[in-house]
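For clarity, every value in this text was computed on a predicted model and none was experimentally measured. First the proteins, then the strands, lettered A, B, ... as listed; each starts at 1.
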Amino acid sequence: MRVALFATCVNDALFPATAVATVRLLERLGVDVDFPAGQTCCGQPQYNTGYRQACEPLVRRTARAFAGYEHVVTPSGSCVAMVRDNYPRIGARAAADGRGTELAEAADALAPRVHELTEFLTDVLGVEDVGAYFPHTVTYHPSCHGLRVLGLGERPLRLLRAVRGLELVELPGAEECCGFGGTFAVKNAAVSAAMAEDKLAHALGTGADVLCGADNSCLLHLGATLHRRGEALRPLHLAEILASTEQHPWRPS
Amino acid sequence: MTGTFLGMPAFPQAAAAALRDGRLRANLRHATHTIRDKRARAVAELDDWAELRAAGKAIKDHTLRHLDRYLVQLEEAVAAAGGAVHWAADAEEANRIVADLVHATGETEVVKVKSMATQEIGLNEALAAEGITAYETDLAELIVQLGDDRPSHILVPAIHRNRAEIREIFAERMAAWGRPAPADLTDSPAELAEAARLHLREKFLRARVAVSGANFMVAETGTLVVVESEGNGRMCLTLPRTLISVVGIEKVVPTWRDLEVFLQLLPRSSTAERMNPYTSLWTGLGPSKGADGDGPSAFHLVLLDNGRTAALADQVGRQALRCIRCSACLNVCPVYERAGGHAYGSVYPGPIGAILTPQLRGITSPVDASLPYASSLCGACYEVCPVAIDIPEVLVHLRERVAEQGGHPLERAAIAAAGYLFDHPAALAAAERLAGRTRALHPRRLPGPGRAWTDTRDLPQVPAEPFRDWWRRNRS
Ligand code: SF4
């Protein structure tokens, strides 16, 4: 099977290790991975800040970059939510504004082909044990978009439970938002910081070594707070845990 | 909407101030988490919750689409049952109508059933200016009124107060408003409730005019519905001679049958009860048209627009008019939980306030323009809303309106720059490489607007090479 990796702009620029891990994991599972170079950003930050029209070129670009791929895989729940939920909306609005149906068609054609990584693994490939090895105590934060917009449910936890050596500890208040919210983190910095504080108090209370998530933007915000506070708890994307094996164990980058 | 909240600071400033109040944070956290968990259990009891929710949404959407028709039907039915219907385009007009109606009775006091609509229009203040005193009779509203405070929650207006604070307010303020609190009042809930009961009983027995809102109005029969927990509302609805109800035009439902859906959705979502303790329904003056002396002998219904028609014209924003004011969205909102209700600068706080207030009042003041951003878009509100209002969708839609109005110059510049880079992958890769090469020089804290990020967080370490370059070296 051949799939296209939608790395996302945050992973490309700030968390390349997550994208590399996604490539290695998928290849280990026998999937051929392409990285169409025309891809950039899904437009989520712009859209959520109120700049819908600024996203239209990105909808077009993203749809073009992934045309012809039956499956597009993304290690970011919020970017999948953007494509699945908002691309069709952006297309429909452009059509309603009398600017033709081309954008709506591009959006509608792309949306169903984009899978969040854990969806792709469990639903398309039908695997839960990906052969990973990760001898650490891990707690999992299900980011809001994955939890509520995509309905990932137990998928990430099922994948984590199948990892050899991994001890999974439950995160209290897991479904509560971490306070990132894109530009919310800057526009409402005080509330955002208070939310991070509570989320981290729960995470630190578990005694885990690793705070795992499937969305690096939330982990960026939580990790930056942990770094400021000098905490040892390590934020890590799920893909990097699943890519880790006895032969090639995860190493801090 | 009312001017009571004019001059409020924008949400981020008000929220930051509220966050520094440790007692407020503890009160809110405790209260919201308790009711949140209870609601989840009450909703989980029903196998057909999803269907009920879909039905609630569909009934409201249908009614809003044919609002003109149902309002006229309602007016005719209320008139036929002996009530008088008045139409108010805005707050000023509604307040004028109510004040004139009270003046016509010759009274200078009214008792009030808890009502969001009358708070929205600032009725108490308007009546006070006309020499009429309005007494709030809902326990929590009483606490707010005695404390010269503002409500901070739709259902539990004094949620920001704990028992000790309430005892203090009762002991110090009740005497100025009527029967004083007992000298030895403690902060036990039973004693506080008894003090309120005695204080209010006096008002119920004396008042000749009552003012209420309504949770629902049934178009086919002209029946109004008030649901409550305390029974104080029923006292107001039945004892005084004149009853004046001020109700938003979106509260109409077509038939009695529709109540079956909403009387299940509302109590479970708001108080986590299977059924609310008191459901009062009245149709004009009843079959006897008030002649037998039972209940009010005059009934006035003031139908309030106050920005609702404008909201109805907005294809995305209009779903906010489905709201049944259950407050479930407040109770699950992580932002409300930390900022408290006052930061929203409106009688409608929390997620619903963030989408309703800017639509009713417009987005010209700093606080109203900041409300659509008072959310991390986590979606918890949408998940619990019993009429499936996609609050995140409306928030983003309203952000667009703020941005169109000019937004923030720096923000616009950043969006434009990002737009260029993201549409030119080669330039993007060059920028990423430059960032990687200069990463040793990057600070961990930023000056200027970037401080909002680095006050509590470090800047992330930029990697040595972007993923694109790794791919080119290793795979292509
Ligand atoms: S928006 Fe929905 S959840 Fe919030 S108060 Fe209204 S009906 Fe309840």
Side-chain angles (χ1 to χ4, degrees), chain A residues 7 9 11-17 19-20 23 33 35 37-41 43 45-52 54 57-58 61 86 89 144-145 147-149 175-197 220-221 223-225 227-228 253, chain B residues 11-12 15-16 19 25 315 334-335 338-339 370 372-380 382-383 393 396 398-404 407 411-412 415-416 418-419 421-423 425 428 432 435 444 449-450 452-460 462-463 465-471 474-476:
Chain A
C9 63
N11 288 327
D12 175 29
L14 294 175
F15 298 96
V20 171
V23 172
V33 182
F35 176 75
Q39 63 177 289
T40 56
C41 166
Q46 300 87 320
Y47 184 78
N48 284 347
T49 312
Y51 296 83
R52 175 173 51 87
L58 297 177
R61 162 171 294 281
N86 294 328
R89 275 183 187 147
C144 301
H145 285 99
L147 185 71
R148 281 181 275 265
V149 181
E175 71 294 340
E176 285 172 35
C177 177
C178 71
F180 176 60
T183 42
F184 173 79
V186 179
K187 282 182 183 279
N188 277 285
V191 180
S192 169
M195 288 162 70
E197 196 180 296
L220 167 76
H221 156 75
T225 309
H227 194 272
R228 169 63 56 85
S253 51
Chain B
F11 184 86
L19 276 165
R25 244 178 113 173
Q315 289 196 29
V335 178
R338 290 168 181 87
S370 69
Y373 299 93
S375 166
S376 64
L377 304 178
C378 82
Y382 176 36
E383 189 176 52
E393 184 193 12
V396 170
L398 294 173
R399 290 176 185 187
E400 206 178 308
R401 274 211 228 152
V402 178
E404 274 165 10
E411 179 180 290
R412 256 196 335 257
I415 297 282
L421 279 182
F422 289 140
D423 216 19
L428 176 65
E432 286 171 345
R444 283 277 159 150
W453 177 271
T454 60
D455 270 349
T456 60
R457 293 161 285 219
D458 281 331
L459 280 181
V462 174
E465 68 172 358
F467 175 72
R468 307 181 175 267
D469 287 359
W470 179 91
W471 180 268
N474 293 281
R475 288 294 186 279
S476 60

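Side-chain contact between B:W453 and A:H221 is present, with at least one heavy-atom pair separated by less than 4.5 Å. Contact of the B:P425 side chain with the A:R61 side chain is registered, since non-hydrogen atoms from C-beta on lie closer than 4.5 Å. Residues A:T40 and B:L421 have side chains not in contact (no heavy-atom distance under 4.5 Å, counting atoms from C-beta outward). Annotation: side chain of B:R475 is in contact with side chain of A:V23 (closest heavy-atom distance under 4.5 Å). Looking at heavy atoms from C-beta onward, A:M195 lies in side-chain contact with B:V335 at the 4.5 angstrom threshold.
A search for salt bridge (charged side-chain N to carboxylate O under 4.0 Å, His left out) contacts involving B:R401 returns B:D314, not counting sequence neighbours. Every residue was checked against the salt bridge (charged side-chain N to carboxylate O under 4.0 Å, His left out) condition with A:E175, not counting sequence neighbours, and none meets it.
Per-residue counts of heavy-atom pairs under 4.5 Å with chain B were compared for A:G38, A:P57, A:A19; the largest is that of A:A19. The residue among B:A15, B:C378, B:P12 with the most heavy atom pairs within less than 4.5 Å of chain A is B:C378. Of all the listed residues (A:T225, A:L14, A:V20), the one sharing the greatest number of non-hydrogen pairs under 4.5 Å with chain B is A:V20. The candidate from B:S370, B:G379, B:A16 with the greatest count of non-hydrogen atom pairs under 4.5 Å with chain A is B:G379. Of the listed residues A:E176, A:E197, A:Q46, A:R89, the one with more heavy-atom pairs under 4.5 angstrom with chain B than any other is A:R89. Between chain A and the residues B:N474, B:L398, B:L377, the most heavy-atom pairs under 4.5 angstrom are made by B:L377. Each of B:A339, B:A380, B:A374 has some count of heavy-atom pairs under 4.5 Å with chain A, and the biggest count is that of B:A380.
Of the possible donor and acceptor atoms, one in the side chain of B:R457 sits under 3.5 Å from a partner among the backbone N and O of A:A185. No side-chain donor-acceptor contact under 3.5 Å links B:S376 to the backbone of A:G181. Side chain of A:R148 to main chain of B:Y382: no donor-acceptor pair is present (N/O by atom type, distance under 3.5 Å, no hydrogens or angles). Within the 3.5 Å criterion, the main-chain N or O of B:R468 finds a donor-acceptor partner in the side chain of A:D12. B:D455 contributes no side-chain N or O that, together with a main-chain N or O of A:A189, makes up a donor-acceptor pair within less than 3.5 Å. Checking side-chain atoms of B:R399 against main-chain N and O of A:T49 turns up no donor-acceptor pair under 3.5 Å.
Ring geometry, B:W471 versus A:F35: the interplanar angle falls from 30° to 60°, so the pair is classed tilted.
Side-chain rings of A:F15 and B:F467 stay apart, their centers remaining 6.0 Å or farther from each other.
For B:T454, the parts lying near chain A are the backbone and the side chain together; criterion is any non-hydrogen pair under 4.5 Å. With a 4.5 angstrom heavy-atom cutoff, B:Q315 does not touch chain A via any of its atoms.
Atom CG of A:N188 is separated from atom CG of B:L19 by 9.5 Å, given to the nearest 0.5 angstrom.
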